[in-house]
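I have placed the structure first, in the form of structure tokens, so that the comments after it can refer back to it.
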Amino acid sequence: MKRILFPVLAAVALFAACEKTILPEDASYDQRNVVLRHFFYYDGVTMDTNKVFLLGNSEVRFQDIEVVFGQYYFTDHLDDTLTPNFKDTVNPYVFDPVAASLTYNTEARLYRLSKGVYSGTHHFRMGLDSTANATAPSALAEKHTLRHPGLYRGENEGYNILYIKGLYKDVNDTTVAAPDKPFVYRVSNNLMKMDWFKSMSFNVVPNRDVNINIVWDIEKLLLGTDPLLVDDLDVDPSNPIAAGLWPSIKANMEASYEIQL
């Protein structure tokens, strides 16, 4: 197996409660009406786990793509914060993180806003705070999205903010009918955090979500990678060279992750 601890390709892209626990007893994913709705695309085609795509000189089938969110707050048109905010040290709180996944749940439910009329900006973050990153999956609810396979790196290592798993084959290999060799790409939460925002006006009414639509172009995200060259990729700050890759990781993520108007 070809295994490295950091990418060597030029343009690799791998990038509400006041309780003291991550998942308060009265919290429910179904209650969260601020929702990131992800639409996964590759080369202009809607993705699923059965389709085969071309990545470098490899044919690939994606088994899962995950990204983790660890913060949300809302500011009104006067830039006043209407919800708890990690930056608020007077009234700190713990955000219950959530992962969006190609396989399990393309929607990421962030927060529950009360009924009313809103005009302002949603702020959300890819990446976990230190408390969430240090919490083992065994301490989370059984169906918590951070328990998805591949997200937890292990004790004292925290979680992956980005996790991609699939199968590949050499595009020129005619002896194999379909991708059959495993590949996995990981980006440690200890390396990568990204803040996003979306301004909008909307009403919050019972039993209806506030949707923020995301088109995620995975071809742009993985620009420059090829499982035929590297099939086990771990981007982690434990290797000092990995820190220098942040500009390319950030650039590819920004190019691939589009918040719709």
Side-chain angles (χ1 to χ4, degrees), residues 1-15 36-68 99-106 108 126 148-151 153 159-189 191-192 194 214-236 239 241-242 244-260:
M1 173 174 282
K2 304 173 288 296
R3 178 176 177 84
I4 61 175
L5 293 178
F6 52 88
V8 295
L9 303 173
V12 66
L14 288 180
F15 70 21
L36 301 179
R37 299 177 68 240
H38 290 83
F39 299 89
F40 291 77
Y41 282 85
Y42 196 100
D43 194 22
V45 176
T46 304
M47 296 181 68
D48 63 43
T49 56
N50 296 312
K51 294 176 180 177
V52 175
F53 301 97
L54 183 64
L55 178 58
N57 291 309
S58 301
E59 290 183 0
V60 297
R61 181 169 69 83
F62 294 94
Q63 296 171 305
D64 196 16
I65 301 170
E66 301 249 2
V67 64
V68 173
S101 164
L102 174 66
T103 299
Y104 299 100
N105 52 283
T106 57
M126 291 177 179
H148 291 169
L151 287 184
R153 299 177 61 84
Y159 291 83
N160 291 308
I161 182 180
L162 183 65
Y163 175 77
I164 299 176
K165 177 184 178 181
L167 299 172
Y168 77 97
K169 67 177 284 290
D170 187 333
V171 69
N172 296 312
D173 186 355
T174 58
T175 65
V176 180
D180 62 338
K181 298 181 179 66
F183 75 94
V184 60
Y185 294 160
R186 301 174 294 278
V187 179
S188 168
N189 179 80
L191 176 67
M192 180 173 163
M194 295 187 67
I214 310 292
V215 171
W216 199 4
D217 188 336
I218 303 304
E219 184 183 27
K220 292 180 180 178
L221 176 69
L222 296 179
L223 181 65
T225 63
D226 187 343
L228 196 63
L229 300 176
V230 178
D231 61 14
D232 194 335
L233 183 66
D234 190 2
V235 184
D236 184 87
N239 190 311
I241 299 179
L245 296 169
W246 171 237
S248 61
I249 294 171
K250 182 174 184 291
N252 276 22
M253 178 60 81
E254 290 177 341
S256 69
Y257 198 80
E258 182 179 350
I259 305 174
Q260 295 292 284

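Remember, it's a predicted structure, so these values are computed and weren't measured experimentally. Note that these values count all heavy atoms, side chains included, but never hydrogens, waters or copies made by symmetry. Residue numbers count from 1 along this sequence.
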Can you list the steps and then say if S256 with D217 is a side-chain hydrogen bond (donor to acceptor under 3.5 Å, both in side chains)? CA-CA 5 Å; S256 69; D217 188 336; over 6 Å; no
Going through the distances and angles, do Y159 and V68 end up as a side chain to side chain contact (heavy atoms under 4.5 Å, CB included)? CA-CA 9 Å; Y159 291 83; V68 173; 5.6 Å; no
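The side chain to side chain contact (heavy atoms under 4.5 Å, CB included) check on N160 picks up R153, Y163, R186, with sequence neighbours excluded. With sequence neighbours excluded, the residues satisfying salt bridge (Lys or Arg N to Asp or Glu O under 4.0 Å) with E254 are K250. Residues satisfying the side chain to side chain contact (heavy atoms under 4.5 Å, CB included) criterion with Y41, sequence neighbours excluded, are F39, T46, V215. Qualifying side chain to side chain contact (heavy atoms under 4.5 Å, CB included) partners for E258, counting only residues two or more places apart in sequence or in other chains: Q260. By the side chain to side chain contact (heavy atoms under 4.5 Å, CB included) test, I259 pairs with F124, W196, K198, I212, I214, sequence neighbours left out.
Distance check: S58 OG to L229 CG gives 7.0 Å after rounding to the nearest 0.5 Å. Taking CE from M126 and CG from N189, the interatomic distance works out to 12.0 Å, rounded to the nearest 0.5 Å. Atom CD of E59 sits about 4.0 Å away from atom NZ of K169, to the nearest 0.5 Å. Note that CG of D43 and NZ of K220 are 11.0 Å apart. Values are rounded to the nearest 0.5 Å. Interatomic distance, I218 CD1 to N252 CG, rounded to the nearest 0.5 Å: 11.0 Å. Taken from CG in D48 to CZ in R61, the straight-line distance is 9.5 Å, to the nearest 0.5 Å.
Here salt bridge (Lys or Arg N to Asp or Glu O under 4.0 Å) pairs that include residues 172-183, with residues two or more places apart or in two chains, number zero.
Ring geometry for W216 against Y257 counts as perpendicular: the plane angle is over 60°, on a 0 to 90° scale with 30° as the lower cut. Ring pair Y104/H148 is parallel by interplanar angle, where below 30° counts as parallel and above 60° as perpendicular.
Side-chain contact between L167 and F183: absent, with no pair of heavy atoms (C-beta onward) separated by less than 4.5 Å. No side-chain heavy atom of N57 sits under 4.5 Å from any side-chain heavy atom of N172. Side-chain contact check for T225 versus V230: every heavy-atom pair is 4.5 Å or farther apart. Side-chain contact between D64 and I164: absent, with no pair of heavy atoms (C-beta onward) separated by less than 4.5 Å. Side-chain contact between D232 and Y185 is absent, with no heavy-atom pair separated by less than 4.5 Å. V184 is not listed as a side-chain neighbour of L233, based on a closest heavy-atom distance of 4.5 Å or more. Under the 4.5 Å side-chain criterion, counting only non-hydrogen atoms from C-beta, V60 is in contact with P227. Using a 4.5 Å heavy-atom threshold, the side chains of F62 and F40 count as separate.
Of the N and O atoms on the side chains of S101 and E66, at least one donor lies less than 3.5 Å from an acceptor on the other residue.
Between S188 and I161, the shortest heavy-atom distance links the atoms O-CG2, 4.0 Å. Residue H38 comes nearest to A108 through the heavy atom pair CE1-CB, 4.4 Å, listed as atom of the first residue, atom of the second, then distance. A pairwise comparison of heavy atoms in N105 and A99 identifies ND2-O, 2.7 Å as the closest pair.
T106 contributes no side-chain N or O that, together with a main-chain N or O of R37, makes up a donor-acceptor pair within less than 3.5 Å.
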